[in-house]
Amino acid sequence: MNKEKFYVTTPIYYVNGEPHIGSAYTTIAADVLARFHRMKGEEVFFLTGTDEHGTKVAQTAQEQNLTPQEFTDIISSKYQLAWDILDISNDDFIRTTSQRHKDLVKIFVTKLKEVGAIYEGEYEGLYCVGCERFLTEKELVNGECPDHKKKPELIKEKNYFFNLKKYLPEIEEKISSDEIRILPEKIKKEVLGLFKQGLNDFSVTREKVKWGIEVPFDSSQVVYVWADALLNYITALGYGSKDDLLFRKFWPANLHLMAKEIIKFHAIFWPAMLLAVGEELPQTIFAHGFFTVDGQKMSKSLGNAIDPMELVKQFGSDATRFMLLSQFPFGQDGDVKVGNFVIQYNSDLANGVGNLTSRVLTMAEKYFDGIVPEKDSELAEPVKNIWSEYEKAMTSFEVDKAIEAIKKLNGLCDAYVEENKPWQLAKDDKEKLSKVIYNLLEALRHLGVMLYPIMPQTSQKILQSLGKGDFTSIQLSDLQNWGRLQPGAKVSKAEALFPRIQ
RNA sequence: CGCGGGGUAGAGCAGUUGGCAGCUCGGCGGGCCCAUAACCCGCAGGUCGCGGGUUCGAGUCCCGCCCCCGCAACCA
């Protein structure tokens with residue numbers, strides 16, 4: 001029997017900026033899903049990386065007296081470090097300046113030419129001499145380049161164009177029929193709207209851009225953004241090379257995850273490119289929303305950007321992961337109040353998971369010297385129901401709902417304690433006490449397992465306290481069974497999981 | 001009439017196929033004492049943007065209006 005596979009990607013992040021809360025959010029979400037699918041026993045490949053070409057990058061490098069490669073090395077490593085700190089479990093990290101990527105992009109572009117999907121044409125655009133690049137309408141301020149306060153010139157250059165129009169009807173059909181699933185529904189509508197408005201062929205090469213991958217059949221040209229960047233999803237798997245084992249195993253992607261601003265390129269351009277060379281298309285493309293901070297759009301100039309590394313410093317990596325994901329439903333935009341982080345940390349983590357763990361383990365030690373009592377299954381049924389909510393949520397990418405399920409289990413346990421008053425039972429009903437404590441310990445184990453994708457460290461700590469530290473090799477279907485915690489096992493209280501913050 | 005999303009309790013948000021308006025935080029009042037001054041229960045608070053319509057019944061469907069926000073043809 002073949003193991004299910006799950007290939008999940010984040011976009012590759014543009015190195016013109018350092019990791020910010022948006023990229024952290026996407027990456028954490030992808031990590032949660034990757035971990036969940038691994039826990040289910042599927043074979044998972046989780047890819048992220050950095051996009052490092054383009055004039056902007058070359059320019060910034062120059063300003064800092066660095067070669068473009070030196071500059072991108074620095075920024076790229078900052079991303080890798082940030083993901084490390086956030087416990088991101090990516091299986092690979094692709095850089096567009098890596099030799100393996102460049103080689104395979106050349107192969108792909110050559111193939112596009114062979115199948116007749118690209119043609120030579122002229123691109124006309126607004127060019128800023130100061131920036132040495134074409135600007136988009138959106139970048140202009142009062143018709144001027146915001147950096148150089150000059151009106152860009154309308155100039156032409158030779159480009160190779162991708163024949164997008166040819167593939168549009170087929171793509172549109174595949175999207176409306178959900179053969180390519182675009183989520184959430186409103187984003188799908190938006191994408192379908194783009195077809196109605198009409199789309200044009202786009203350049204896959206540029207003449208004036210120098211920092212990029214040289215086009216193999218025309219040295220005056222460099223491969224341009226999307227043809228370079230989107231291909232990471234397959235070059236990382238060795239597409240087109242002798243060693244394409246990973247590609248054959250994991251492609252097509254089960255899930256491309258991203259923020260909504262780049263949906264068009266992923267939902268339309270990318271499938272079209274794949275169609276052109278006869279490869280399979282990604283199954284699901286999910287675009288999540290944006291953060292606003294205290295009602296305002298995040299931006300560097302406003303100085304209200306939230307640095308994920310600062311959050312980690314204050315709350316730790318697990319808590320940061322948890323808090324970012326539980327701010328608002330996954331897929332929607334949401335407002336974040338900076339002050340709410342502390343409140344939420346205290347209420348959900350310190351008072352919730354942390355406190356519950358502490359009270360349950362303390363009672364186990366106090367009343368049973370930390371020895372797990374005889375089995376009982378009073379909580380088996382409700383826990384099972386929460387599991388099904390949790391799994392359903394995770395499977396449909398509703399990470400926030402999975403978190404809700406966890407909180408529900410937490411609340412269930414707290415209420416169960418109140419209801420049974422173990423401190424009372426300790427005086428007059430030892431038999432009942434034993435059952436209650438077993439139920440609580442076993443429920444806590446389930447909580448620990450559910451926590452794993454979202455807060456891997458906390459999960460580990462809880463399970464270790466229960467003498468169940470090593471579980472990653474065990475299938476979720478086993479972990480979900482009630483009664484895995486064996487009577488006679490030793491449990492012990494560790495230090496507080498989430499100390500309160502004042 | 002470019003495309004699309006949104007306006008629900010003090011704050012942030014849920015509300016699948018129309019059927020007594022929910023969640024979290026905060027506020028107020030009880031309870032408990034195992035626990036990280038944590039936990040449990042209860043209460044207060046909403047003309048569901050505005051105006052019409054369909055219906056036995058609409059936050060939920062239809063029409064009009066007001067306000068906010070993304071996207072708008074090659075920007076990562």
Side-chain angles (χ1 to χ4, degrees), chain A residues 11-17 23 50-54 56-57 96 123 125 133-139 159 161-162 164 184-204 206 224-229 258-265 268-269 289-290 292 295 297 326-329 332-337 339-340 343-344 346-367 400-401 404 407-408 410-411 413-426 436-437 440 493 495-501:
Chain A
I12 46 175
Y13 303 108
Y14 199 49
V15 293
N16 208 36
S23 45
T50 42
D51 183 13
E52 311 184 2
H53 288 129
K56 261 193 202 171
V57 167
T96 56
Y123 173 75
R133 67 185 185 92
F134 290 102
L135 302 176
T136 56
E137 295 280 353
K138 197 166 133 190
E139 286 176 293
N159 275 186
F161 281 77
F162 177 76
L164 179 66
E185 194 61 28
K186 66 173 185 179
I187 299 288
K188 178 181 167 184
K189 280 187 192 165
E190 228 173 293
V191 170
L192 287 172
L194 292 173
F195 287 97
K196 277 186 254 163
Q197 294 177 61
L199 290 150
N200 279 336
D201 294 347
F202 60 94
S203 310
V204 292
R206 272 289 145 85
Y224 187 56
V225 288
W226 296 107
D228 179 355
M258 71 205 68
K260 62 185 183 182
E261 83 277 14
I262 49 177
I263 188 69
K264 180 171 81 183
F265 309 102
I268 303 177
F269 289 20
F290 286 143
T292 53
K297 201 170 170 174
S326 53
Q327 288 304 309
F328 47 82
Q332 314 232 337
D333 291 342
D335 191 45
V336 172
K337 293 238 180 293
N340 276 358
I343 292 168
Q344 203 199 346
N346 281 336
S347 95
D348 286 343
L349 297 177
N351 301 350
V353 175
N355 183 240
L356 177 69
T357 304
S358 167
R359 71 196 302 207
V360 169
L361 289 172
T362 301
M363 287 191 283
E365 288 190 329
K366 198 166 188 170
Y367 304 134
D400 56 294
K401 282 195 184 161
E404 283 308 312
K407 286 200 228 174
K408 199 165 165 184
N410 197 136
C413 292
D414 275 328
Y416 184 74
V417 174
E418 296 303 324
E419 212 176 288
N420 290 288
K421 305 191 189 352
W423 50 92
Q424 200 64 256
L425 296 175
V436 169
I437 296 300
L440 285 170
K493 190 179 175 180
E495 60 187 66
L497 256 24
F498 301 103
R500 281 180 70 79
I501 294 174

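These numbers were taken from a predicted model, which means no experiment stands behind them. Naming: A, B, ... by sequence-line order, numbering from 1 per chain.
In this structure, A:Gly352 reaches neither bases nor backbone, as no heavy-atom distance under 4.0 Å exists between it and the strands shown. Within the 4.0 angstrom heavy-atom criterion, only backbone atoms of the sugar-phosphate kind lie near A:Ser347; the bases stay farther away. Counting non-hydrogen atoms under 4.0 angstrom, A:Phe269 reaches nothing in the nucleic acid. Within the 4.0 angstrom heavy-atom criterion, base atoms lie near A:Tyr123. A:Thr362 comes within 4.0 angstrom of sugar-phosphate atoms only, judged by non-hydrogen atoms across all strands, and of no base. Within 4.0 Å (heavy atoms only), A:Phe134 reaches no atom of the nucleic acid at all. Nucleic acid contact for A:Leu199: base, since at least one base atom lies under 4.0 Å from a heavy atom of the residue. When heavy atoms are screened at a 4.0 angstrom cut-off, A:Asn200 is found touching base atoms of the nucleic acid. Counting non-hydrogen atoms under 4.0 angstrom, A:Leu497 reaches a base of the nucleic acid. Among the atoms of the strands shown, none is found under 4.0 Å from any heavy atom of A:Lys421. Using a 4.0 Å heavy-atom criterion, one finds that A:Asn351 contacts the sugar-phosphate atoms exclusively. The residue A:Lys493 sits close only to the backbone: its heavy atoms come under 4.0 Å of sugar-phosphate atoms, none of a base. In this structure, A:Phe498 reaches the bases: a heavy-atom distance under 4.0 Å links it to at least one base atom across the strands shown.
Both geometric conditions, a ring-centre gap below 5.5 Å and a plane tilt below 30°, are fulfilled for A:Trp423 over the base of B:C34.
Every residue meeting the ring-ring contact (aromatic ring centres under 6.0 Å, His included) condition with A:Phe162, not counting sequence neighbours, appears here in chain and number order: A:Tyr167, A:Phe202.
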A correct dot-bracket answer for RNA chain B, with pairs being Watson-Crick or G-U at under 3.5 Å, [ ] for crossing pairs and | for inter-strand pairs, is .((((((..((((.....[..)))).(((((.......))))).....(((((..]....))))))))))).....
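Nearest to the side-chain atoms of A:Lys186 among the listed nucleotides B:C33, B:C25, B:G5 stands B:G5.
To the nearest whole angstrom, the two P atoms, one in B:G49 and one in B:A21, are 15 Å apart. A distance of about 10 Å separates the C1' atoms of B:G45 and B:G27, rounded to the whole Å.
In this structure, OH in A:Tyr14 is found 9.0 Å from OG1 in A:Thr96, a value given to the nearest 0.5 Å.
Of the side-chain N and O atoms in A:Lys196, none sit less than 4.0 angstrom from OP1 or OP2 of B:G2.
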